[in-house]
Amino acid sequence: MNLKLLMKNYALNIIALASINLFFAQSSFETFPNPNDSRVITTGVPFMLIAPDARAAGMGDMGVATSVDGFSQQWNAAKYAFSEAKSGIGLSYTPYLSRLVNDISIGYVTYFNRLSENSSISGSFKYFSLGDITLTQGPNDPGLNVKPNEFTADIAYTLRLADQFAMGVTMRYLRSDLRINQIDPNANAASTFGVDISGYYQSEEEAYNDFNGRWRGGFAVQNLGPKFRYDDGGRENFQPTNIRVGLGFDFIFDDYNKLGITSEFSKLLVPTPPIFGDRIEYIDDNENGQYDEGEDTLVNEENNVILSGQSNDVSFISGIFQSFGDAPGGFSEELKEITWALGAEYTYQDSFALRAGYFNESDEKGARKFFALGAGFKYTTINIDLSYLFSASQVQSPLENTLRFSLTFNFGDKTYQEF
């Protein structure tokens, strides 16, 4: 199909915008780079990092150390070993870029089953639809509709290793069908697999002066898996491999009132883009071994060399270890690659909840900063959660002013007692 160049660019721009500049992002080069310039890390399938459930979204996109719920599969599957319900199903829907279009969204469904006091299994399916795109060759052409999409499917097993600690392993298959073969005949859907390793700690309830309390802690290394590409000649894309660490505490005032405070830190385990540029050489006319004013200069034949940092053309395993020390700006830049969030959840009689949270990312690494509010309602075995996001950055969030909601059905509530 011979499509107009304008239509090609239009379709590609829409896809690039909706998928947060994943495989279309290219490295930029400068003739005289500034070592302090920002270097945002980009990966393939970034939708995997978007909070699919309203409870986590209402506390600033966190979930690795919050108390167990039906959507723990996204954040830390090890939490299911502490579920008081026998099993549960979670459904959620998240409009995306709703201020621009109305047909881009993320759908999520998850299921868990606590097999015994010490083990559980769980699974989920996450679908990112980029809506309908119509490709036409002219004003009278009815066009051809295409529906780019991405999805993941995973299954996890959790084992309780001690009364207060459990670990989980998640296996995941992911498929990204964003390249349009009507535009690029060589394009194919990309697919690969990934693994999560997670752990969760929940202490027994302890008595303090005026209240009881419970500590929570969790970690997760997510999306461990090989790079992928969309065609034989295309570049390889890293998965959004990351590590999350969180700590929380529940203030239990009485049988009706509880306040949970949680903090979370995360970092992409993906190499930082190096600084590229043209290496400038000079002609040492007087052969004194140094550059003197007036001597001729020339550009090395090998242009766009790495002036600072390390090459990110490495395997995903090498990239994980490299990601802790490859930032051209040194340790201070590595610290800027850590995002953090702080969230609070007040619950009354386990039937009503109010939530608030804040998420922060360095201005030089993406500048995502936002406040979030949320609420939850429980009726018999049904939980309904809502959340709303307010951007606190000059970089507008795709989820700003978007109402997100999720629904959970718990079966066999209070089958297991956790203290």
Side-chain angles (χ1 to χ4, degrees), residues 53 55-56 58-60 62-88 90 112-120 122 156 158-168 198-220 244-265 341-357 374-383 385 408 410-419:
D53 62 299
R55 184 193 180 213
M59 290 188 285
M62 66 163 60
V64 75
T66 55
S67 58
V68 60
D69 63 12
F71 294 94
S72 296
Q73 182 81 356
Q74 166 74 17
W75 307 99
N76 185 346
K79 295 195 295 183
Y80 285 128
F82 294 86
S83 171
E84 293 189 345
K86 166 65 176 173
S87 61
F112 75 92
N113 190 319
R114 189 167 173 182
L115 302 175
S116 66
E117 289 281 352
N118 298 318
S119 64
S120 68
S122 54
T158 299
L159 182 64
R160 197 160 178 168
L161 303 177
D163 288 342
Q164 283 80 46
F165 182 72
M167 290 193 68
S198 58
Y200 183 71
Y201 168 83
Q202 179 174 284
S203 73
E204 294 184 357
E205 186 175 325
E206 301 177 8
Y208 295 88
N209 290 335
D210 300 320
F211 57 87
N212 289 357
R214 178 189 293 119
W215 287 97
R216 295 174 276 102
F219 74 88
R244 297 180 185 272
V245 179
L247 181 66
F249 185 80
D250 292 327
F251 295 87
I252 305 172
F253 300 109
D254 52 43
D255 292 338
Y256 299 98
N257 298 278
K258 182 174 69 175
L259 176 65
I261 305 293
T262 309
S263 62
E264 182 172 311
F265 301 86
L342 182 65
E345 179 182 49
Y346 167 76
T347 57
Y348 176 75
Q349 214 172 16
D350 289 330
S351 59
F352 174 73
L354 287 176
R355 307 180 182 105
F377 310 89
K378 181 179 180 180
Y379 179 74
T380 61
T381 61
I382 302 175
N383 289 72
D385 296 296
T408 308
N410 292 314
F411 306 104
D413 201 13
K414 303 299 182 182
T415 298
Y416 300 95
Q417 296 293 323
E418 299 293 339
F419 301 97

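- For F219, there are no ring-ring contact (aromatic ring centres under 6.0 Å, His included) partners two or more places apart in sequence or in a different chain.
- Contacts of F165 classified as ring-ring contact (aromatic ring centres under 6.0 Å, His included), with partners at least two apart in sequence or in another chain: none.
- Applying the ring-ring contact (aromatic ring centres under 6.0 Å, His included) test to Y208 and every residue at least two apart in sequence or in another chain returns F211, F249.
- The salt bridge (Lys or Arg N to Asp or Glu O under 4.0 Å) check on K378 picks up D413, with sequence neighbours excluded.
- Judged as a side chain to side chain donor-acceptor pair (under 3.5 Å), and not counting sequence neighbours, the contacts of T66 are K79.
- Residues meeting the side chain to side chain contact (heavy atoms under 4.5 Å, CB included) test with D255, sequence neighbours left out: none.
- Residues passing the side chain to side chain contact (heavy atoms under 4.5 Å, CB included) test with A356, sequence neighbours excluded: L373.
- Remark: D163 engages no residue in a side chain to side chain contact (heavy atoms under 4.5 Å, CB included) (not counting sequence neighbours).
- Under the ring-ring contact (aromatic ring centres under 6.0 Å, His included) criterion, Y346 pairs with no residue at all, not counting sequence neighbours.
- Scanning for side chain to side chain donor-acceptor pair (under 3.5 Å) contacts around S72 gives D69, with sequence neighbours left out.
- Scored by the side chain to side chain donor-acceptor pair (under 3.5 Å) test, T380 finds no partners at all (sequence neighbours excluded).
- In this structure, S83 has no side chain to side chain donor-acceptor pair (under 3.5 Å) partners at least two apart in sequence or on a different chain.
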